[in-house]
**Student:** 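Just dropping this structure here.
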Amino acid sequence: MGVKRFAWALGVLGVALALFGWQKQSPGAFVGVALVALAGVLLATARRRPEP
């Protein structure tokens, strides 16, 4: 699994946790927002492979 695919998976998981956390008023909402932020940082800093 590449970095970009991992970042997208973190983003999707983060959105799901954020939505579920706000409905149940649990710390899952904060964790979800943190995962989305981490995914954004990973996607922003991911390097592209040079083409041969």
Side-chain angles (χ1 to χ4, degrees):
M1 176 184 291
V3 172
K4 289 184 181 182
R5 187 172 287 187
F6 179 68
W8 280 108
L10 278 181
V12 170
L13 179 64
V15 168
L17 277 174
L19 291 175
F20 178 75
W22 263 297
Q23 289 177 353
K24 300 294 181 182
Q25 297 180 350
S26 71
F30 174 74
V31 174
V33 171
L35 285 178
V36 170
L38 178 62
V41 169
L42 283 175
L43 285 172
T45 60
R47 294 183 182 173
R48 291 187 178 179
R49 293 182 186 163
E51 295 188 24

**Student:** CG/L13 to CG/L38 distance, rounded to the nearest 0.5 angstrom?
**Tutor:**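 So the gap between those two atoms works out to 11.0 Å.
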**Student:** Output all residues satisfying side-chain contact (heavy atoms from CB on, under 4.5 Å) with V12, sequence neighbours left out; order by chain, then residue number.
**Tutor:**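 If we apply the side-chain contact (heavy atoms from CB on, under 4.5 Å) test to V12, skipping adjacent residues, there are no hits.
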**Student:** How close do A39 and G11 get, heavy atom to heavy atom, and via which atoms?
**Tutor:**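 Closest heavy-atom pair between A39 and G11: CB-N, 3.7 Å.
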**Student:** So, applying side-chain contact (heavy atoms from CB on, under 4.5 Å) with L10, which one of L43, V15, V36, L35 is it?
**Tutor:**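 That would be L35; it is the only one of L43, V15, V36, L35 passing the side-chain contact (heavy atoms from CB on, under 4.5 Å) with L10.
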